[in-house]
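Read the structure below first, then the notes.
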2 protein chains.
Amino acid sequence: MNSENRVTIKDIAKATQLSVATVSRILHKKGQHNSQTVKRVTEIAKQMGYVRNTSAADLVKQKSRIVAVIVSDTKSNFSEHIIDAIEDKAIPAGLNVFILHAGNHDEPSQVRAIKTVVERAVMGIILVSLELNDRVLATLKDISIPSICLSTSVKNATIPFVTSDNYQMGYTATQLMIDKGHTKIALAGIPTTGSINLRTQGYLACMADHHLPVKPEWIHYGSCTYDDGIKAWQMYAKKREITCAICASDFTAIGLMNAAAESGVKVPDDLSLVSFDGTEMVDMVRPRITSITQSFYDMGLAGIQYLINGKDVKSEYLPFKVTQRDSTRVLTAAEQDSKKD
Amino acid sequence: MNSENRVTIKDIAKATQLSVATVSRILHKKGQHNSQTVKRVTEIAKQMGYVRNTSAADLVKQKSRIVAVIVSDTKSNFSEHIIDAIEDKAIPAGLNVFILHAGNHDEPSQVRAIKTVVERAVMGIILVSLELNDRVLATLKDISIPSICLSTSVKNATIPFVTSDNYQMGYTATQLMIDKGHTKIALAGIPTTGSINLRTQGYLACMADHHLPVKPEWIHYGSCTYDDGIKAWQMYAKKREITCAICASDFTAIGLMNAAAESGVKVPDDLSLVSFDGTEMVDMVRPRITSITQSFYDMGLAGIQYLINGKDVKSEYLPFKVTQRDSTRVLTAAEQDSKKD
DNA sequence: AAAGCTATTGTAAACGTTTACAGTAAGAAC
DNA sequence: GTTCTTACTGTAAACGTTTACAATAGCTTT
């Protein structure tokens, strides 16, 4: 119809011989009106192809019905579960969800994303898997928009967060391997910075608690990618000392497994593997990969509920569980001896 | 600082004893101003924690610097490549990207998403992998916002689109199998509706061109999921007639391969597989899966460039290629005979 | 008949920007 | 000394809504 200028309430007011106020009220179901008029207005509005100008409405109402989700752009596949949960709750509540990408450690891109949504007066911001530095955290705290971090913890809980306990996960993964008789346990693809590095601490603590030595070359640092798995194996392959590896993500585990396979090392016969996350990926590869499975959907739930209910949610750690699949094997007594120093 | 009311230009004007016009101009680098004043204003603005109200700005400027990307919420992994391309070009151009989800065939959710962004006067809309019905298409055409569909074709090209030629891809995949000596070729997980179904047409045409019969039970309809691969195999396993399958997506191929493996059927020894898409997934599983690889990144590029340059892009098909990996095998003459009716 | 309701509609201000245009002052050119 | 520039700043309207409040008319009540 009119692809020139957008139809406004004023146009409809003119066409119906009513005031803009009446039209506005009718179109958004406020107050009571003659049913004849209501019918006339809605019909004309549809016919003229009216679409509301939300910028104008937001401006006077000083708020919007939008939730912004700012997601790390690193190739991870768990964020979609978090987003699923957010959308599952937000849409029925009449909220719309805008997703933006930002760099995991990239301040300028984070600031850009935050600025974009803050300028538009979103009703809340959910930050997924982002490592925010103090400066960004400060800006976030200064603005009057409720924000929450998911899948990362925040120093001093400047803003609330919901994640898994990385330290405990690291400890648990290590304990799992030790329980299966492993003593030479590698750690692959964990970043050196951010809350995720607490997994390393958990690993070291568990090893120490069992009086097991750790060699530096067992720890490969990375960023949870598939390629990190490959690189980690290249590192381990030199001495071929370790009997198992704890992998930073499902992708890292798969990369590691594939790289090992190329050297003729089979999982779980020659190498046991456990990964963090436990997304559907671990069930798609063969052997299936044992994982420390996180509750991503629940994280999303926690995030959106915080925004909807406005309750002062305490920052919290969500439970994780060990899901045994086919990538881990119990070492025989003989193997444990032969591998012993 | 002030978490009560947001600081406006008016507040800064008051604090600096200037007019709002001057402050506005300085803050957005329009016109020339005394460098002293500029410094004073920018400093005070920062100090007071000023953030622009984009709703107000958009309102008067009648436009925004936002590109909306509405993505199918079906679990596919190629859309991220499309989005990558869009962001890679949009951000340097000073455009911000908002991503929304909508149901692949779900009109209400599509309309909701479109309405949300149209109301906010985005500068362009990119629809990814969405099957739009006539009504939605009509609304999209009526509004004065440039829109483009990626990874789907649009009947009559009501709005421009960029995708791969599904018919040709179907034909090519089939040809590939025939070239390897296969004659009993299955098709798994293709939806019955939408442009993607053209793959079925291509398959049928190729079979017909080679005078090869097609049995109904070779064609499994689905929606490109992992589970579709499993279900397809359950269907094929009954008679175990086919020697290869063309799979609707990488995930479908993986599902099919895993299900087959459970019946003791090995890829590619007992079953050859080719998938559409060719995302990184096909390189992560073993054996690696031969794929009809689409140019997703280029699709995203085409979409964003259409919006930025405003050129009247013709709807077009992007090239795809056959990437041979390890899931396809040439049938021996003996096998071809033994399998012959 | 006055007062009080009720149902419906209108008036007008407000939201925070942007920007065309007007204004001012100081210096340069004549 | 007058006019012309130049550099800077102010005025005010506009963008499209929403909403408190006022207004009107027709009823009902007393």
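Every chain is numbered from 1 and lettered A, B, ... according to where its sequence line falls, protein lines coming before strand lines.
Among the heavy atoms of the strands lying under 4.0 Å from A:Q32 is at least one base atom, whether or not backbone atoms are also near. The residue A:V51 sits close only to the backbone: its heavy atoms come under 4.0 Å of sugar-phosphate atoms, none of a base. Contacts of B:Q17 with the nucleic acid, taken as non-hydrogen atoms under 4.0 Å apart, involve only primed sugar atoms and P, OP1 or OP2. Among the heavy atoms of the strands lying under 4.0 Å from A:R52 are primed sugar atoms or P, OP1, OP2 only; no base atom is included. Contacts of B:Q36 with the nucleic acid, taken as non-hydrogen atoms under 4.0 Å apart, are absent. Residue contacts shown for B:A57 are limited to sugar-phosphate atoms, with no base heavy atom under 4.0 Å away.
Checked by atom type and distance alone, the side chain of B:T8 pairs as donor or acceptor with a backbone atom of B:K10 at under 3.5 Å.
Picking from C:dT17, D:dT9, D:dT17 the nucleotide with the shortest atom distance to the side chain of B:T22 gives D:dT9. For A:L59, whose side chain is taken as the heavy atoms from C-beta onward, the closest listed nucleotide among D:dG16, D:dC15, C:dT19 is D:dG16. The side chain of A:A21 has C:dG10 as its nearest neighbour among D:dT9, C:dG10, D:dG16. Among D:dG16, C:dA12, C:dG16, the nucleotide with an atom closest to any side-chain atom of A:N53 is D:dG16.
Taking side-chain N and O atoms only, A:S24 has a distance below 4.0 Å to OP1 or OP2 of D:dT18. An OP1 or OP2 oxygen of C:dT9 is reached within less than 4.0 angstrom by a side-chain nitrogen or oxygen of A:H33. Phosphate contact (OP1/OP2 of C:dT18, side-chain N/O of B:H28, threshold under 4.0 Å): present. Taking side-chain N and O atoms only, B:S19 has no distance below 4.0 Å to OP1 or OP2 of D:dT11. A close approach under 4.0 Å does occur between a side-chain nitrogen or oxygen of B:T37 and OP1 or OP2 of D:dT9. Checking the phosphate oxygens (OP1, OP2) of C:dG16, no side-chain nitrogen or oxygen of B:T8 falls inside 4.0 Å.
One finds no salt bridge joining A:R65 and A:D58 here, because no Lys/Arg side-chain nitrogen approaches an Asp/Glu carboxylate oxygen to under 4.0 Å.
Atom NZ of B:K61 is separated from atom C1' of D:dG16 by 17 Å (rounded to the nearest Å). Whole-Å rounding puts the B:I26 CD1 to D:dC8 C1' distance at 10 Å. Separating the CZ atom of A:R120 from the C1' atom of C:dT17 is a distance of 13 Å, rounded to the nearest angstrom. A straight line from CG of A:N34 to P of C:dA7 spans 12 Å, rounded to a whole angstrom. Atom NZ of B:K63 is separated from atom P of D:dG16 by 15 Å (rounded to the nearest Å). Rounded to whole Å, the distance from CZ on A:R25 to C1' on D:dC21 is 10 Å. For the pair A:K30 NZ and C:dG10 C1', the interatomic distance rounds to 18 Å; values are reported in whole Å. Taking atom CD of B:Q62 as the reference point, atom P of C:dT19 lies 12 Å away to the nearest angstrom.
Donor-acceptor pairing under 3.5 Å is recorded for the side chains of B:T74 and B:S72. Under 3.5 Å, the side chains of A:H105 and A:T193 contain a donor-acceptor pair of N or O atoms. Remark: the A:E107 side chain and the A:N133 side chain contain an N/O donor-acceptor pair separated by less than 3.5 Å.
Here CZ of B:F161 is found 9.5 Å from CD1 of B:I148. Values are rounded to the nearest 0.5 Å.
Nearest-nucleotide positions on DNA chain D for B:V60 and B:V20 put B:V20 closer to the 5' end.
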